[in-house]
Amino acid sequence: MRPILTRVYALAEMMAASCLVIIAALVLLQVMGRIADGTLKFLGFEAVGFLVPSLAEIAGFLLVGASFLALASTLRHAVHIRVSLAISHAPAGLRKVMETLVLVLGLALIGYFSWYAVLLSLDSYQFNELSFGIIPIPLWIPQAVMALGLIVFAVSILDDLIVQLSGGTPSYVLAEQGKGIEGAD
Amino acid sequence: MDLSLFAPLLGVVLLVSLALGLWVSVALAACALFAMYFVSAPSGPVLMTTVWGAANSWDLTALPMFIWMGEILFRSKLSENMFAGLSPWMRNLPGRLFHVNIIGCGIFAAVSGSSAATTATIGKMALPELLKRGYDERLAIGTLAGSGTLGLLIPPSIILIVYGAATEQSIARLFIAGVLPGAMLCLLFMGYVIAWSLINRAKMPEADPAIPFMERLIATRGLLPIILLIVGVIGSIYAGLAAPTEAAAVGVLLSLFLSWWYGTLTKASFTDALLGATRTSCMIAFILAGAAMLTVAMGFTGIPRELAGWIGSMNLSPYALLAALTLFFIVLGCFLDGISVVVLTTSVILPMVEAAGLDLIWFGIYLVLVVEMSQITPPVGFNLFVLQAMTGRNIFQIARMALPFFLIMILAVALIVAFPGLATWLPQTMLSN
Amino acid sequence: AETKWDMPTPYGDNNFHTMNIAEFAEDVGEATGGSLTIQIHSAGSLFKHPEIKNAVRKGLAPIGEVLISRLSNEDPIFGLDSVPFLATSYDDAKKLYDASRPLLEKKLEEQGLQLLFAVPWPPQGIYAKKEVKSLDDLKGVKFRAYNAATEQIAQLAGAVPTQVEVPDIPTAFSTGRVDAMITSPSTGANTKAWDFLSHYHDTQAWLPKNMVIVNKAAFDALSEDEKNVVLKAAAEAETRGWEASKAETADKTKVLADNGITVVDPSNELMGGFAEIGATMVEEWKASAGDEGAAVIDAYRN
Ligand code: NA
Ligand code: NA
């Protein structure tokens with residue numbers, strides 16, 4: 001099970017990172033189009049009017065992918081921040097109870113939101129909701145990506161909860177322990 | 001439920017969730033869900049619709065791009081060379097390289113519209129260098145937290161766009177109005193750093209030995225790449241090649257080019273930078289999602305509106321009104337994202353402001369200053385979150401380090417109240433008709 | 001029982017649409033003796049503009065306001081009031097609205113929505129940094145496009161469609177990323193267009209409308225008296241809104257002129273060119289909207 005889960009988290013994160021790369025590529029394509037148009041005009045030719053259609057909307061949707069698909073991996077690298085002041089100073093027994101409570105609450109909430117994210121996407125599918133711009137994009141697609149990201153996040157919390165309950169240390173606690181200011185040695 | 005009971009109860013729910021060790025984003029969501037329980041609208045669909053609306057945002061795409069840019073530059077030799085180039089010139093200015101934080105944020109703010117992006121990008125480059133050179137960690141983090149907020153005041157600015165749209169004020173004028181107060185705040189911050197370093201001489205690292213002018217000039221070559229980067233990014237906006245949001249991607253491309261130029265661009269450094277950026281922006285985006293949930297829940301409960309209305313019912317004089325509003329924004333800004341506070345209360349506050357005869361452009365700048373404060377007040381302050389992720393210090397420690405800068409911002413508010421021309425003179429002069 | 005409706009709207013409190021809605025809300029509260037109150041959440045403070053229609057459809061908010069043509073990708077009928085040069089005066093726009101209302105209501109009803117009233121924006125004119133005397137002057141000009149229709153207008157006019165988001169408009173004009181746009185005198189005056197451009201051409205290309213919609217289930221849950229009050233207040237708001245819109249057109253065009261913008265009465269040559277573009281786009285609209293759409297156009301023209 002562990003290798004499968006690890007690959008799921010890594011795959012989701014890779015997709016999230018790809019979304020960022022695509023955003024940058026699309027924007028740069030548009031900028032280069034403007035440079036090309038400007039050059040043509042300067043040389044006395046007619047501008048082509050190079051346009052990445054619905055750039056703003058598509059970039060917004062890709063950002064949803066980037067933000068949500070990375071949730072699980074961000075947790076496992078302890079980048080989701082929290083105030084561990086109380087929990088880190090609590091006696092071992094209490095700390096264990098608190099950490100379990102955090103995981104149970106986290107799982108309940110993220111599970112709840114995953115469910116409603118799925119419903120949101122289904123509803124958009126049923127009502128054929130479309131984006132407003134030049135290219136009509138069915139909203140259920142980016143919304144399904146959001147739901148998927150939340151579900152993977154919920155799975156990763158459940159994963160850590162099981163680790164915690166079986167006496168191990170959750171991934172993010174391990175990652176927290178090795179943190180300092182990167183590059184400042 | 002009675003408001004005087006309900007509002008503090010929500011604050012307690014949030015604080016308890018945070019103290020338990022729940023992730024900030026999840027704690028905000030928990031608090032939002034709790035608040036929605038007392039409202040007739042269906043919680044799940046309302047919160048999810050809101051998250052969708054908040055997450056799929058064009059303006060927000062600049063944030064991961066800028067963070068990515070910072071991660072790339074951090075893995076190149078650029079920041080090291082930049083500090084090496086600046087160091088000989090700054091040795092006679094008390095506070096020396098601390099000023100790089102402030103000026104760096106000030107310059108970067110001219111490109112970025114958000115304070116989180118400003119803090120994350122400059123912090124990623126400057127903080128490790130400062131600590132390596134023995135600068136005081138508390139002041140290094142404090143100056144970053146404080147001057148990161150300049151991202152909002154110096155144009156472009158997300159909050160001024162939101163305010164301009166809600167109040168039908170010219171965004172161009174608001175942007176110009178932010179320039180002088182932004183410069184003033186920069187100078188105030190630098191003044192504080194100078195004073196601190198004169199008082200705490202023992203905490204300052206040894207100054208670099210004096211080096212001859214020619215050698216200084218040679219070391220200054222190290223500044224060329226960063227100048228190229230800044231000129232490239234700002235230039236792409238003013239040459240009409242890129243929208244402010246798009247300029248961030250130009251910054252990524254230029255940073256990759258510089259990293260390649262230095263020979264630090266490898267497959268590993270590229271992947272590390274990209275994943276680092278993905279995680280940091282995921283963390284911030286998810287907190288923004290949580291904050292959006294809390295905002296819509298507050299919209300339904302009507303708490304901020306009622307509190308603002310309560311201030312209005314007191315019929316205060318203009319100065320007393322501003323004092324009351326400042327206090328109100330500071331308190332609310334501790335728990336809500338500052339922009340949300342503005343959005344939730346504009347309808348109630350604006351009529352009071354107009355009745356008091358205050359200029360709406362001026363009031364926009366005043367609002368930005370108070371919203372800036374909310375970025376560095378715990379428990380909900382985005383600059384604190386960015387710096388916690390970067391340093392591992394918790395948000396309350398960071399807020400303590402940022403406290404002097406919070407107080408300076410209060411001073412800045414007092415100054416623009418006393419001298420309104422600071423905000424109104426430039427737009428009136430530059431755009432005369 | 002006391003009912004409180006939360007009402008998300010997209011524009012700020014000083015906008016004439018919001019002011020009209022505020023009066024509508026007040027009327028409802030008064031006439032029902034407070035048994036139904038409407039709390040307006042303006043400027044997208046509860047739900048943002050793209051989410052408002054769905055929020056009302058799902059009953060997250062019982063009532064809301066939305067720009068009709070925002071939904072034009074969903075069904076052509078929502079794009080009818082933005083077909084250029086089809087209805088170019090308040091009288092024509094009213095006629096077009098009356099002709100399209102049954103179909104509009106039917107399409108909304110399929111989503112569990114009920115149309116309460118619709119109010120037009122002032123007619124759309126062309127803003128540019130120079131005078132546009134004929135379509136030739138638009139050749140190669142960077143023209144703001146924000147949806148399929150505006151993109152097509154730009155293309156048919158030989159201009160270069162350029163995407164610019166609303167908050168970015170001043171910067172885009174100042175830095176030369178865009179040279180011209182088509183919008184109402186309201187938007188021009190509110191964004192202080194004189195800060196970044198010089199000419200306004202009163203082409204009256206179309207009159208886009210905002211509509212106030214209510215969730216059918218929420219409406220049906222009201223008492224008969226309350227329903228009648230809402231419908232009556234809505235009818236009044238519609239009449240009042242159309243008048244307010246006319247006044248807004250006069251006011252804001254004057255504001256533009258007072259601030260140094262040259263208000264151009266478009267030349268016959270320019271209007272002739274646009275008439276052709278309009279005719280093309282009307283035919284295309286009819287083709288996309290099918291028989292029921294063609295029937296609306298026929299009803300409008302007779
Ligand atoms: Na800025
Ligand atoms: Na705060």
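Order of the sequence lines sets the chain letters (A, B, ...), proteins ahead of strands, with each chain counted from 1.
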Nearest atoms (heavy-atom pairs only) where C:Leu60 meets B:Val46: CB-CG2, 3.8 Å
Is there a side chain to side chain contact (heavy atoms under 4.5 Å, CB included) between B:Ile161 and C:Glu165? Walk through the geometry before answering. CA-CA 12 Å; B:Ile161 289 175; C:Glu165 301 302 302; over 6 Å; no
Quick one: sort the C:Phe47 and B:Phe300 rings into parallel, tilted or perpendicular, breaks at 30° and 60°. perpendicular
Distance from B:Tyr238 atom OH to C:Thr171 atom OG1, nearest 0.5 Å? 7.5 Å
Rounded to the nearest 0.5 Å, how far apart are OG of B:Ser347 and CD of C:Gln39? 8.5 Å
Taking B:Glu168 as the fixed residue, which of C:Thr187, C:Thr191, C:Asp13, C:Asn190 is the one that meets the side-chain contact (heavy atoms from CB on, under 4.5 Å) rule? C:Asn190
Supply the atom-to-atom distance B:Leu350 CG to C:Ser42 OG, rounded to the nearest 0.5 angstrom. 9.5 Å
NZ-OG distance between C:Lys4 and B:Ser40, expressed to the nearest 0.5 angstrom: 7.5 Å
Against chain C, work out which of B:Ala54, B:Ala243, B:Pro156, B:Ala166 has the most heavy-atom pairs shorter than 4.5 Å and name it. B:Ala243
At a 4.5 Å cut-off on heavy atoms, which part of C:Pro50 comes close to chain B: side chain, backbone, both, or neither? neither
Closest non-hydrogen atom pair, B:Ser170 against C:Lys192: CB-CG, 3.5 Å
May I ask you to name which of C:Ala55, C:Pro167, C:Ala43 has the most heavy-atom pairs under 4.5 Å with chain B? C:Pro167
Region of C:Asn15 that comes under 4.5 Å of a non-hydrogen atom in chain B: both
Atom CD in C:Gln163, atom CH2 in B:Trp58: separation rounded to 0.5 Å? 9.0 Å
What closest approach, in Å, do C:Gly59 and B:Pro42 show between heavy atoms, and which atom pair accounts for it? O-CD, 4.1 Å
Close side-chain approach of C:His41 and B:Val296, heavy atoms under 4.5 Å: no
Using non-hydrogen atoms only, which part of C:Asp168 is less than 4.5 Å away from chain B: side chain, backbone, both, or neither? side chain
Portion of B:Thr49 that has a non-hydrogen atom of chain C nearer than 4.5 angstrom: both
Where on B:Ala292 is there a heavy atom nearer than 4.5 Å to chain C: the side chain, the backbone, both, or neither? neither
Point-to-point distance, once rounded to the nearest 0.5 Å, from CE of B:Met48 to NZ of C:Lys58: 10.5 Å
In this structure, are over 12 heavy atoms from other groups packed under 6.0 Å from C:Lys227 atom NZ? yes
I need the residue from B:Ala41, B:Pro244, B:Ala165 with the largest number of non-hydrogen atom pairs under 4.5 Å to chain C. B:Pro244
